[in-house]
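Have a look at the structure below, then the notes.
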Number of protein chains: 2
Amino acid sequence: MSQSRKDTKIYVEIVNELRLMIERKNLKPGDKLPSERELSERLNVGRSSVREALRALELLGLIETRRGEGTYIRDYGGHQLVQLLSTFILQDENAKRDIIETKYLIELDCLWLNLHKSSDGQLQEFKSWAETAHYTDDEFFLKVVRLTENHLFLRMWIILKDYYNSLQLDQIATSKEEYVQLIDMLITRNESLIRNAYKSLRKLSKN
Amino acid sequence: MSQSRKDTKIYVEIVNELRLMIERKNLKPGDKLPSERELSERLNVGRSSVREALRALELLGLIETRRGEGTYIRDYGGHQLVQLLSTFILQDENAKRDIIETKYLIELDCLWLNLHKSSDGQLQEFKSWAETAHYTDDEFFLKVVRLTENHLFLRMWIILKDYYNSLQLDQIATSKEEYVQLIDMLITRNESLIRNAYKSLRKLSKN
DNA sequence: TCTAGTACAGTGGTCAGACCAGTCGTTTCT
DNA sequence: AGAAACGACTGGTCTGACCACTGTACTAGA
């Protein structure tokens with residue numbers, strides 16, 4: 001630990017320290033962090049302060065702890081975080097509308113990105129997968145979002161998807177033909193066609 | 001505390017317990033939670049476990065603690081949370097491109113939303129502000145995003161804006177006419193016009 | 001009477017140490 | 001060689017202690 005422990009709470013400093021450590025050592029998901037006792041010694045803080053920092057990160061889903069083994073960096077998915085936050089803050093009705101609206105628009109953005117950035121080969125491959133495989137709506141659009149290679153959209157979409165599913169909306173059935181057609185529209189590289197195809201797939205009238 | 005402390009970690013149970021407590025007593029932002037020592041007694045757990053739970057919730061931005069006073073429920077904003085998550089996640093190099101891409105598309109989404117949801121009156125008011133006031137690009141688009149009344153987009157855009165600005169890109173000058181024209185295009189309610197107007201304002205060729 | 005000052009109880013912040021309960025690798029016994 | 005026992009290490013939890021800070025009730029002085 002570096003400076004005055006007056007201004008900032010120690011556990012917050014530890015969180016930052018961990019972040020730096022991960023960056024410096026270029027630690028990836030699955031890698032092991034130092035033990036609580038070692039961190040406590042290295043940073044000259046009490047073990048309980050270290051634990052407060054670790055527990056917070058754990059609740060965020062950023063790390064994973066296994067008794068007897070150690071603490072590991074986790075592949076961030078956002079699952080438990082979303083669940084926690086949704087029960088805490090997702091009461092008002094506007095939030096619900098925001099989630100639906102935002103998820104749809106981001107999906108549309110990703111389609112648009114693919115329309116501009118994906119190669120014909122990628123789209124053809126995607127199409128043959130869509131024609132043969134079994135998949136849910138989430139799985140289909142996960143592929144769409146992944147294809148954009150935009151990690152930001154990926155993170156946001158995953159979170160939104162979890163929120164969306166926690167809303168328990170009525171599921172609208174989508175046929176395989178509709179998914180395939182959506183990809184066909186991508187291949188045409190026509191912006192308004194893809195927009196309409198998506199709207200129709202989502203059974204949207206104007207919004 | 002209710003059941004076996006075998007399966008679930010105590011601090012997680014405490015988080016749930018707090019959630020129930022907030023629900024039962026219908027506590028609102030600003031209200032005070034029981035003290036750490038009292039919670040520790042009431043739930044028959046150590047104070048350190050209580051603290052681990054509280055610290056986690058604090059890092060999530062759900063509660064606020066003031067030394068010498070107590071722990072209070074907070075008006076959730078989500079800022080620091082997203083901030084934290086993004087600094088953890090956003091380390092790779094493509095992140096830069098992702099930020100730019102995402103910020104632009106979300107701005108476009110918000111324009112699109114306004115095109116469908118805002119009233120003529122709102123847009124006229126916006127226009128007269130744009131014609132007379134002094135503002136930065138951020139201030140202009142903050143208004144655009146706010147106008148959508150979509151809190152999710154608002155939060156995402158604010159974070160994106162901060163990151164975007166931290167990238168130290170060359171600023172492209174935008175004249176007041178261009179902003180006003182953008183609003184004019186909104187008023188026409190024409191999707192492709194607004195898209196082109198935005199592209200031109202951002203000096204984008206195709207992407 | 002009113003005010004300024006003080007004392008105290010309560011609260012969060014932090015630490016040290018203890019013990020339990022798992023995991024894993026090594027050693028030892030069969 | 002295989003199984004059992006051991007020991008080192010890890011996280012999980014509790015207790016008690018001390019500090020710094022806040023709000024309040026009480027008290028001494030004006």
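All chains are named by letter (A, B, ...) in the order of the sequence lines, taking the proteins before the strands, and each is independently numbered beginning at 1. Basis for what follows: all heavy atoms, side chains included, without hydrogens, waters or symmetry-related copies.
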Rounded to whole Å, please give me the gap between CG in Leu39(A) and P in dT10(D).
11 Å
Considering just the side-chain nitrogens and oxygens of Ser49(B), establish if one lies under 4.0 Å of OP1 or OP2 belonging to dG12(D).
no
Would you say that Glu139(B) contacts His134(B) through its side chain, given a criterion of any heavy-atom pair below 4.5 Å between the two side chains?
no
No-hydrogen, no-angle side-chain donor-acceptor test under 3.5 Å, Asp138(A) and Tyr164(A):
no
Rounded to whole Å, the CZ-P distance (Arg51(B) to dT15(D)) equals 16 Å
For Arg47(B) and dG12(D), give me the distance from atom CZ to atom C1', rounded to whole Å.
18 Å
Indicate yes or no: at least one non-hydrogen side-chain atom of Tyr198(B) is less than 4.5 angstrom from one of Leu111(B).
yes
Atom-to-atom span, CG of Leu33(A) to P of dT10(D) - whole angstrom
13 Å
Please tell me if the side chains of Lys127(A) and Gln181(A) come closer than 4.5 Å, counting only heavy atoms from C-beta onward.
no
Below 6.0 angstrom between ring centroids: does that apply to Phe126(A) and Phe140(A)?
yes
Distances for protein N or O near nucleotides 8-11 of chain C N or O, under 3.5 Å:
{"unit_1": "dG10(C)", "atom_1": "N2", "unit_2": "Gly68(B)", "atom_2": "O", "d": "3.2"}
{"unit_1": "dT11(C)", "atom_1": "O2", "unit_2": "Gly68(B)", "atom_2": "N", "d": "3.4"}

Tell me the interatomic distance from Glu13(B), atom CD, to dT13(D), atom C1', rounded to whole angstroms.
13 Å
Under 3.5 Å side-chain donor-acceptor pair for Tyr11(B) and Glu58(A)
yes
Check whether any side-chain N or O of Ser40(A) sits under 4.0 Å from OP1 or OP2 of dC15(C), and answer yes or no.
no
Round to the nearest Å and state the distance from Leu59(A) atom CG to dG12(D) atom P.
13 Å
Electrostatic pair Glu178(B)-Lys203(B), nearest N-O below 4.0 angstrom:
yes
Send over the distance from Ile10(B) CD1 to dA21(C) C1', rounded to a whole Å.
13 Å
Could you state the CG-C1' distance from Leu43(B) to dC14(D), rounded to the nearest angstrom?
14 Å
Look at the side-chain N and O atoms of Arg55(B) and state whether any lies under 4.0 Å from the OP1 or OP2 oxygen of dG12(C).
no
DNA chain D nearest-nucleotide lookup for Ser48(A) and Leu54(A): closer to the 5′ end is Leu54(A)
